[in-house]
Amino acid sequence: MGQPSGEFRGDGVRPRSGELVSGERLVVVGGPEGSEARHCPDEWLPQPRRIRGLVQARPELGPSPAVGPLALGTGDLRLLDRDGDIEALLGQLREGRSVRLVGQAGSGRSALLAAVAEAAAELAPDGVVRLGGYRRTAADLAQELFAATHHAPDFRPDREQLAELLAPVAAVVVVDDVELAGDELEDLLALAPECAFLLTTVPGAPPTPPGSRLRDHLVAGLSRPACLTLAARLAGRRLDDAERAWAVDLWFESEGLPLRFVRAAALLRRRDIAVDALVAAQEDRRSVFGFANPYELPRDPAELENELRQQVPLPSVGESAAPARRLVQGLGESARRVLRLALALGGECPTAPHLPALLDVGLGESALQELVDAGLAVSVGGHHRLTEGVVAALAPDAEDEDGFPAPFAPGGIAHGAARHLAWWVGHASVSTRQVAAEAEVILAVLRAERDAGRPEEVLRLARAAAPALALSLRWGAWEKALQLGLEAARTLGANAEQGWFHHEAGVLALCAGSPQRAVAELEAAVALRAAAGEQRGAAGARRMLDLLRAEQTAALTAGPAATPVRRRTMRAIAQVPGRLRGRASGGARRTAMAAGAAVMALGVLGTAVGVALSQSEEPSAKQPGTSADDLPPGDTPSSPRPGTTPSATAPGSTAPATGASPADSPSEPASPSATHRTSNSPKPSSTASSTKPGTPNPPNPGPNPPAPSTNPPSSAPPTASTPPPDPSPSTSASSSAAPPSP
């Protein structure tokens, strides 16, 4: 891997480098002077292959369903009070309609989405495609849909290619947490017209515009019996009368939102832990000290537990509506540390393999699952994040009785995360798929370091992570990382680093189809790098700028209606049978093009043979104007026959040959009239030279006289069945007949 130029060279961080294809451009990422995009050779253009049976054959393509209490219905537990919603949604998907689930935060939209996705596996020919829309741009979602339905590694098609490749895909596309709305969302739906989309949007999303493909489906709260059943199921026991009354009050206050009862069940489990501690203390006091007054314990342990439970009060309705602080008190030490890190990262939780390096937590999976069980976090596709309202409830606290420090304080818990991730993204054992899964965590660490006033750490991580995000095809995250890195470089006054980020932003804009923005970014990169004394970096940016301007000039010259020759060629190659096409072999591609040229040559030859055969079947009688022998004495031909070149010389003069040899010219036609000519009749010459009147042409002295032509010359106009003669040099070089003798 090459080291970048400028002030970043001595930091010891090795940025990732590699190549990918974007549209019809070959993008070299992580070069010494920055990334570079140029025209991709034809033999390197990928040939995407459709993937069939998505759910059964390739379940790892998209994010997995949600897990934990918020995803009831995805496992053995049946989703409560949603049978009518599931049937209605399946009916609309069966008719090919696209549906958007709307509702409040915590209403169970993700759980309903997962349940419908499980039931819709047989509705579409291409199955169900699961995507995660959390902080994804429209281009990223389109790329992920393409990657889930086609096999083409390191290839990001442009919009025209996406429309062509996704047009035949017929699948149910399930996308959770979509943040798009309006025209962006409609453009995404238009790329896959044969797909039925099932989306969940963030709360407060604008309504769909008139004429949209989407139908809004409101996800309301659960009924009162369903909420009581949910609380009892997650608490692991039946509720007593006091707890049922408390749950009914919570149902009225929360309008039946399932998330509230997930957290209420966590509070009930915490209450059970307190009751168990009282039971154990009661038994210890009796066995050690005894009772001063005679007191008999109930024979049934459940009765003792119920009596002691009355001593532990239930939380109020207000505390149950915002129970984050009470739930934190019941977490273990590892879960509390993970929660503190997630708060410092704005709600993003790193995956378990990173927790030992960031927090010295050995059992990261158990800590994350503890947060999920408490309703403080949710896991979608293996990525955890805090649920709605947790960051707002806990982040403003500078320090409370539980020892929570300020999340963004200098030297806080997030300090050191930037250095760890900068080393991790450049490691050779880390795949681009792993980098894409941690994209939101990387951006969260960049924002945390920026808010903590550490621009050096932001610059280090942005320089290391930007090439890795580009190669992972998460270009929305790549753009945000470039923006944060450029902001840090401006804060530090590093002109060389600013030029590098402008250069990368120009390459991104060029590949994304924004040439005007690309020109502006590259011009800024040239100026900043030249001012910093980076001649090689400035030359690389200038080279990209010259290429872009040359393309713009060529596009203006060709006109807007001109179709790129490369794209027409690739479409023609796509029609060649698959056994003749090589996916990555240039020799196989040349073989396919040679086979196509041979087919065209055979077609032309067959047409010529057919024309010759049709003319040979005509009557052998003389046609007027065939040659000078057919004219009466004293007459001369008035006009040359079609396909011949008239002679501009007078009789008796010699004209030079016009590129046709006697062997190439047509000889006498094989007709009875031609075979009975006398020696006094003149013979048509094969050149434009004339002979003396009355002097017959000498016979051909060569051992191999010219073979008679299959196609006799004729001056008659071409008919519909006979194409006009080819005005090529081989046919236009035939000579006119010599004038008859006086």
Side-chain angles (χ1 to χ4, degrees), residues 1-17 29-36 344-346 408-412 414-423 425-426 442-470 475 477-510 514 516-545:
M1 300 182 186
Q3 292 289 339
S5 58
E7 303 167 6
F8 190 68
R9 183 175 297 166
D11 289 347
V13 178
R14 298 191 306 170
R16 189 182 293 266
S17 61
V29 181
E33 290 84 25
S35 301
E36 185 175 354
L345 300 182
F408 302 113
H415 183 59
R419 289 181 175 269
H420 165 72
L421 291 176
W423 165 83
V425 296
I442 293 173
L443 295 179
V445 171
L446 288 173
R447 298 188 188 98
E449 296 289 358
R450 177 196 61 186
D451 297 338
R454 291 189 287 264
E456 301 87 356
E457 301 296 332
V458 177
L459 184 62
R460 172 194 295 268
L461 180 56
R463 282 294 303 258
L469 292 173
W475 284 10
W478 182 24
E479 182 178 7
K480 294 178 182 177
L482 293 177
Q483 293 173 356
L484 292 171
L486 180 60
E487 181 182 349
R490 288 173 179 171
T491 303
L492 295 173
N495 291 334
E497 304 302 328
Q498 293 183 56
W500 187 87
F501 284 110
H502 277 294
H503 179 99
E504 296 295 304
V507 174
L508 172 59
L510 177 61
S514 301
Q516 295 180 353
R517 180 184 173 189
V519 169
E521 296 286 354
L522 290 173
E523 287 178 348
V526 170
L528 288 169
R529 287 186 154 188
E534 277 199 345
Q535 300 301 327
R536 293 182 59 185
R542 193 178 295 108
R543 184 168 57 251
M544 285 294 305
L545 191 60

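The residues of the chain are indexed from 1 along the displayed sequence. All of these numbers come straight from a predicted model, not from anything done at the bench.
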Enquirer: If you look at every heavy atom in L443 and A477, which pair is closest and at what distance?
Expert: CD2-O, 3.8 Å

Enquirer: Within a strict 4.5 Å, meaning less than it, do heavy atoms of the L459 and F501 side chains meet?
Expert: yes

Enquirer: Looking at side-chain heavy atoms only, is the closest gap between V507 and M544 below 4.5 Å?
Expert: yes

Enquirer: Whether the side chain of W478 engages the backbone of P467 through a donor-acceptor N/O pair (distance < 3.5 Å, no angle test) should be reported.
Expert: no

Enquirer: With E457, which residues qualify under side-chain hydrogen bond (donor to acceptor under 3.5 Å, both in side chains), at least two apart?
Expert: R419

Enquirer: Give the intermediate values and the outcome of side-chain contact (heavy atoms from CB on, under 4.5 Å) for residues L492 and E456.
Expert: CA-CA 8 Å; L492 295 173; E456 301 87 356; 3.8 Å; yes

Enquirer: Decide, yes or no, whether a salt bridge links R543 with E36 under the criterion of side-chain N to carboxylate O below 4.0 Å.
Expert: yes

Enquirer: Taking all non-hydrogen atoms of both residues, which atom of A525 and which atom of H503 are closest, and how far apart?
Expert: CB-N, 3.6 Å

Enquirer: Output the distance between atom CG (L446) and atom CG (L461), rounded to the nearest 0.5 Å.
Expert: 4.0 Å

Enquirer: How would you list, by chain and number, every residue that makes a side-chain contact (heavy atoms from CB on, under 4.5 Å) with R450, sequence neighbours excluded?
Expert: R447, V458, L484, E487

Enquirer: If the condition is side-chain contact (heavy atoms from CB on, under 4.5 Å), which residues does Q535 pass it with, not counting sequence neighbours?
Expert: none

Enquirer: Could you work out, with salt bridge (charged side-chain N to carboxylate O under 4.0 Å, His left out) as the rule, every residue matching R490, not counting sequence neighbours?
Expert: none

Enquirer: What is the minimum heavy-atom distance between R536 and P32, and which atoms define it?
Expert: NH2-CB, 4.4 Å

Enquirer: Return the CG to CD distance between L469 and E479, rounded to the nearest 0.5 Å.
Expert: 12.0 Å

Enquirer: What are the two closest non-hydrogen atoms of L482 and A466, and how far apart are they?
Expert: CD2-CB, 3.8 Å

Enquirer: List the atom of G506, the atom of A518, and the distance in Å for their closest heavy-atom pair.
Expert: O-CB, 3.4 Å

Enquirer: What is the minimum heavy-atom distance between A448 and A344, and which atoms define it?
Expert: CB-O, 3.6 Å

Enquirer: Just to verify, what does V526 make a side-chain contact (heavy atoms from CB on, under 4.5 Å) with, not counting sequence neighbours?
Expert: A541, R542

Enquirer: Would W500 and E33 count as a side-chain contact (heavy atoms from CB on, under 4.5 Å) here? Give the steps.
Expert: CA-CA 8 Å; W500 187 87; E33 290 84 25; over 6 Å; no

Enquirer: Can you name the side-chain contact (heavy atoms from CB on, under 4.5 Å) partners of E521, sequence neighbours left out?
Expert: H502, A505, R517

Enquirer: Roughly how far apart are R460 CZ and L421 CG, rounded to 0.5 Å?
Expert: 12.0 Å

